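Notes follow the structure.
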Amino acid sequence: MANLTLDDICVRFGGLQALTDVSFSLTEGEVVGLIGPNGAGKTTVFNVITGVYKASSGKVDYDGSTITGLRPYQVLSMGIARTFQNIRLFQNMTALENCMVAQHSRSKVGVIGAVLRSSAQRREEEVIAEKSQKALDFMGLGDKTDEVASNLPYGHQRRLEIARALASEPQTILLDEPAAGLNPAESVELMEYIGHITDLGINVLMVEHDMKVVMGICSRIVVLDHGVMIAEGLPGEIRKNPTVIEAYLGQ
Amino acid sequence: MEFFIQQLINGITLGAVYALIALGYTMVYGIIQLINFAHGEFFAAGGYMGVILISYLAAQGLHPYACLGISLVLSMGYCALLAMAVEQLAYKPLRQASRLAALLSALGMSIFLQNGLMLTQGVYDKPYPTEITAGGFEWGLISVSYMQIFIVGLTAVLLVALNILVFKTRIGRAMRATSQDKVMAALVGINSNRVIATTFAIGAALAAAAGIMVGLYYGSVNYSMGFVPGIKAFAAAVLGGIGNITGALIGGLIIGMVEIFAAGYISGEYKDVFAFVILIGVLYFRPTGIMGENVDDTRV
């Protein structure tokens with residue numbers, strides 16, 4: 001279950017070939033790193049998986065069904081959550097509300113029920129709040145519940161993004177540069193958190209530039225350059241791969 | 001002094017009506033940055049549906065209060081559906097187009113709906129059975145009609161309900177999230193099309209309630225009744241800070257007061273001018289409106 005497979009994904013924007021025949025997969029509880037120089041198409045891969053962009057050809061399978069062409073909210077309800085490179089929290093909501101929003105697709109009371117404050121609605125709200133609090137606790141933000149997101153320090157905002165993703169009860173999380181802007185101590189902390197996430201059986205696909213983080217926690221690494229996969233393998237192999245070194249450093 | 005207090009009471013009543021209409025403008029703007037110029041037509045449609053239902057139910061021998069209550073709920077529901085249909089037809093296909101395109105579509109929809117009302121209901125005023133809420137209190141020269149109490153009371157109830165909906169429920173969170181960042185909202189599992197439709201529905205339901213209030217208050221409805229109050233409520237929304245719910249309330253009350261006081265102390269003929277003087281003044285000196293600075297805090 002929760003196996004994510006990309007099959008010959010191509011993305012073209014007008015004349016620009018952003019991704020060419022990208023194929024790889026992610027299995028349960030795995031942490032896969034997606035690396036490559038700037039503009040390699042890493043974030044495009046995320047956008048294709050989550051339905052923000054449409055693939056020009058190829059398909060994405062998840063959990064035994066094809067998810068290409070689904071809208072972002074449908075992809076999330078399938079169990080794939082994501083975070084952003086530049087923080088995209090709902091800045092004027094509290095930490096708890098940010099997580100509660102992510103429970104949207106896991107809850108169902110509508111306008112009428114909400115206005116009438118039916119007992120079902122109140123019960124559902126309680127459950128949502130409880131689950132959201134758990135997500136905050138999990139990411140070490142248990143005491144920041146009522147803090148407005150924009151008032152949190154940068155490192156906490158990063159963690160809140162992950163907490164929000166977790167609050168949607170995903171089986172797969174896509175992390176876009178989770179260590180960006182973190183100091184070394186915070187990066188180490190982040191690696192521990194990601195370790196806890198995989199312990200829950202959630203698999204992680206991560207774009208990251210910090211090689212210490214990538215090499216430290218990824219079981220496998222996929223390397224993109226100019227939209228083409230140039231390597232895939234274990235961290236040790238990738239580190240020594242001449243094509244990868246060339247892509248990063250030039251000849 | 002009595003005159004002043006009397007005008008204050010009348011101003012609050014009218015302001016409550018403007019506030020209810022202004023909420024629809026502001027909520028829709030908050031979520032898709034569109035000035036829905038067809039919004040006044042939901043107000044008119046609500047007024048008409050109200051009188052049709054009240055007359056029908058009264059003919060069935062129902063208690064007047066029951067007639068009013070049932071008609072209110074059904075009219076609000078009818079306008080909610082109407083607004084969702086309008087959104088689906090006239091705005092959704094233009095979601096990716098320029099804002100001007102949607103604005104023009106809104107103007108077109110306004111003309112369409114207004115003429116539709118004229119063709120089906122006729123050009124003459126339709127009288128409201130005002131005896132339902134006749135009577136009131138009097139203290140010397142000051143009088144407060146049951147109608148005014150009904151208007152202000154119902155507005156208060158609707159505002160409290162809206163506040164709970166927006167700030168304490170899953171739909172409200174989805175609305176706030178969508179207004180802040182549509183892409184991210186979709187990525188946390190929110191179907192933004194549905195949220196937008198819901199926002200239109202809620203705004204139109206509030207306008208429908210206002211339409212019935214105005215029908216009862218002035219004793220009749222007319223097919224073109226949506227235009228002027230619609231524009232004034234728009235002025236109220238801008239004055240309060242468009243996109244801001246509290247702002248719409250404050251703006252509505254101010255416009256209502258100004259209009260009544262201008263009519264009472266200056267000239268009844270110029271009362272409409274003042275709402276627009278305020279609109280122009282706000283756009284000129286403070287385009288973000290009264291609550292504009294923290295527009296993000298409570299916008300929907």
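Within every chain, numbering begins at 1; the chains are lettered A, B, ... in the order of the sequence lines, protein sequences first and strands thereafter. Source: prediction; values computed, not measured.
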Per-residue contact mode, A:R71 against chain B (heavy atom under 4.5 angstrom): side chain
Non-hydrogen atoms of A:L76 and B:G189 that approach each other most closely: CD2-CA, 3.4 Å
Segment of B:L187 engaging chain A (4.5 angstrom heavy-atom cut-off): both
Residue A:V52 versus chain B: region with a heavy atom under 4.5 Å: side chain
Charged N-O contact under 4.0 Å between A:E125 and B:R173: yes
Region of B:I190 in contact with chain A, defined by heavy-atom distances below 4.5 Å: both
CZ (A:F13) with more than 12 external heavy atoms under 6.0 Å: yes
Closest heavy-atom pair and its distance - A:Y73, B:N191: OH-ND2, 2.9 Å
Engaged part of A:I80 at the chain B interface, taking heavy atoms whose separation is under 4.5 Å: neither
Side chain / backbone / both / neither for A:T50 at chain B, heavy atoms under 4.5 Å: both
Winner by heavy-atom pair count (cut-off under 4.5 Å) against chain B, out of A:Q74, A:R88, A:M93: A:R88
Inter-chain contacts: residues 134-142 of chain A against chain B, heavy atoms under 4.5 Å: none
B:F37, CZ atom: more than 12 neighbouring heavy atoms under 6.0 Å: yes
Pairs of heavy atoms under 4.5 Å with chain B: top-ranked of A:S107, A:A167, A:P170, A:A102: A:S107
Options A:Q121, A:Q103, A:R164, ranked by heavy-atom pairs under 4.5 Å with chain B, top entry: A:R164
Test side chain to side chain contact (heavy atoms under 4.5 Å, CB included) applied to A:H104 and B:R170, step by step: CA-CA 7 Å; A:H104 192 83; B:R170 107 181 233 281; 3.5 Å; yes
Chain B contact via A:E124 - side chain, backbone, both or neither, heavy atoms under 4.5 Å: side chain
Within-4.5 Å side-chain heavy-atom neighbours: B:M184 and A:F84: yes
Which atom of B:F167 lies closest to which atom of A:E97, heavy atoms considered: O-OE2, 4.0 Å
